[in-house]
Amino acid sequence: MHTRIYLIGFMGSGKSTQGKMIARMMGYDFLDMDDWIEEQEGMTVPQIFSEYGEAYFRKKEKMAIRATGTLEKTVIATGGGAPCHGDNMELLKASGLTIYIKLTADALISRLSTAKTRRPLLEGKTDDEVRTTVKEMLNERETFYKQADMIIDGLGRVNERIVNAIQRRG
Ligand code: S3P
């Protein structure tokens, strides 16, 4: 069994929610990479974006990926953009089992419209702009997400299907 499980996928795909449940079901620890970065920086992700910009956040994100490489028996929820910059997807794959929680753009748009988490890349946009942005970003990012070791449909009993798939894989 892999000691590190990385959940990847677009904002709003349920990486943190599913990750916590999967960790509990497997007796693993859970780590949310955005929370890790917030603790390291003493700022929230939106604050980091507005004070230092996206490029700075991406550097911290790479550091977070590297830092997770020594964790044992841990399910890790990555930020939606984490696998899509530099060689991060290769790093993630070299470090553990990568699982893409896949949802359509329409499903993501509807979830994001009711989400409580603040997401700097979508903030200040009209509903129409959010729709266009999500579709465009998902298109670009799927090239990376699809390199995951496993692709799981993000609707329905996601946690159970992921745990079953991990156990089958061994
Ligand atoms: C981002 C996703 C966010 C967070 C940051 C940037 C992205 O994480 O890392 O706002 O580029 O998609 P979630 O996927 O948990 O929302």
Side-chain angles (χ1 to χ4, degrees), residues 4-23 29-68 71 74-92 95-96 98-125 127 129-148 150-155 158-159 162:
R4 285 172 292 279
I5 315 274
Y6 291 96
L7 300 182
I8 70 169
F10 205 79
M11 294 174 262
S13 57
K15 300 171 298 251
S16 303
T17 313
Q18 301 299 338
K20 280 180 202 150
M21 293 193 280
I22 294 163
D29 290 329
F30 171 75
L31 181 120
D32 182 291
M33 260 177 42
D34 283 340
D35 290 351
W36 187 90
I37 295 170
E38 291 187 337
E39 266 168 42
Q40 293 283 313
E41 296 294 295
M43 295 167 102
T44 65
V45 170
Q47 279 170 340
I48 299 172
F49 268 73
S50 68
E51 296 262 332
Y52 300 122
E54 182 175 348
Y56 179 86
F57 176 76
R58 298 301 171 198
K59 276 190 202 146
K60 297 293 147 187
E61 198 164 52
K62 184 178 277 295
M63 285 171 56
I65 294 176
R66 291 221 176 91
T68 60
L71 299 172
T74 308
V75 176
I76 299 138
T78 63
C84 315
H85 291 87
D87 60 356
N88 288 358
M89 189 63 197
E90 283 147 54
L91 278 177
L92 291 168
S95 184
T98 49
I99 303 175
Y100 171 29
I101 304 182
K102 184 177 161 68
L103 283 167
T104 61
D106 284 340
L108 291 166
I109 290 160
S110 121
R111 285 175 176 222
L112 287 165
S113 69
T114 56
K116 289 197 204 81
T117 312
R118 287 186 56 203
R119 291 180 162 104
L121 294 176
L122 301 176
E123 252 174 19
K125 295 193 190 297
D127 287 354
E129 285 166 346
V130 168
R131 290 190 72 80
T132 315
T133 308
V134 169
K135 285 187 174 161
E136 283 174 4
M137 285 175 74
L138 182 63
N139 233 347
E140 288 163 16
R141 289 180 168 188
E142 276 219 306
T143 325
F144 296 94
Y145 296 155
K146 281 181 173 164
Q147 295 170 35
M150 293 183 344
I151 300 179
I152 299 284
D153 182 344
L155 291 177
V158 183
N159 54 343
I162 289 182

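As the structure lists them, so they are numbered: ligands from 1, and atoms in each ligand from 1.
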Exercise. Report yes if some heavy atom in the side chain of D127 is under 4.5 Å from a heavy atom in the side chain of I109; otherwise report no.
Key: no
Quiz item: Nearest protein heavy-atom contact for atom 12 (O) of ligand 1: which residue, which atom, what distance?
Solution: R141 NH1, 2.6 Å
Practice problem: Hey, can you tell me if Y145 and F10 have their rings parallel, tilted or perpendicular (30° and 60° cut-offs)? | Solution: perpendicular
Quiz item: Do any N/O atoms on T78 end up under 3.5 angstrom from N/O atoms on ligand 1?
Solution: no
Quiz item: I152 versus K102: any side-chain heavy-atom pair under 4.5 Å?
Solution: no
Quiz prompt | Contact check, D34 vs ligand 1, heavy-atom distance below 4.0 Å | solution = yes
Practice problem: Please test Y6 against T68 for side-chain hydrogen bond (donor to acceptor under 3.5 Å, both in side chains), starting from the C-alpha separation and ending with a verdict. | Solution: CA-CA 10 Å; Y6 291 96; T68 60; 2.7 Å; yes
Quiz item: Any salt bridge between R131 and D106, counting N to O under 4.0 Å?
Solution: yes
Quiz prompt | N/O separation below 3.5 Å, P120 to ligand 1 | solution = no
Quiz prompt | atom 5 (C) of ligand 1: the protein heavy-atom neighbour that sits closest, reported with distance to 0.1 Å | solution = V45 CG1, 3.8 Å
Practice problem: For ligand 1, note which part of L121 has a heavy atom under 4.0 Å away: side chain, backbone, both or neither. | Solution: side chain
Practice problem: Return yes when E38 approaches ligand 1 closer than 4.0 angstrom through a heavy atom, no otherwise. | Solution: no
Self-check item: Side-chain (N159) to main-chain (I22) donor-acceptor, under 3.5 angstrom
Solution: no
Quiz item: Any N or O on G81 sitting closer than 3.5 Å to an N or O of ligand 1?
Solution: yes
Quiz item: Hey, mind stepping through Q47 and Y52 against side-chain hydrogen bond (donor to acceptor under 3.5 Å, both in side chains) and telling me if it holds?
Solution: CA-CA 8 Å; Q47 279 170 340; Y52 300 122; over 6 Å; no
Practice problem: Look at atom 11 (O) of ligand 1 and find which of M11, R58, E54, M137 reaches it with the closest heavy atom. | Solution: R58
Practice problem: Around atom 16 (O) of ligand 1, find the nearest protein heavy atom and jot down its residue, atom name and distance. | Solution: R119 NE, 2.7 Å
Exercise. For atom 14 (O) of ligand 1, grab the closest protein heavy atom and report residue, atom and distance to one decimal in Å.
Key: K15 NZ, 2.6 Å
Quiz item: In terms of atom number and element, which parts of ligand 1 are under 4.0 angstrom from non-hydrogen atoms of F57?
Solution: 9 (O)
Quiz item: Only one of E38, E41, E54, E39 forms a salt bridge (charged side-chain N to carboxylate O under 4.0 Å, His left out) with K60, so which one is it?
Solution: E41
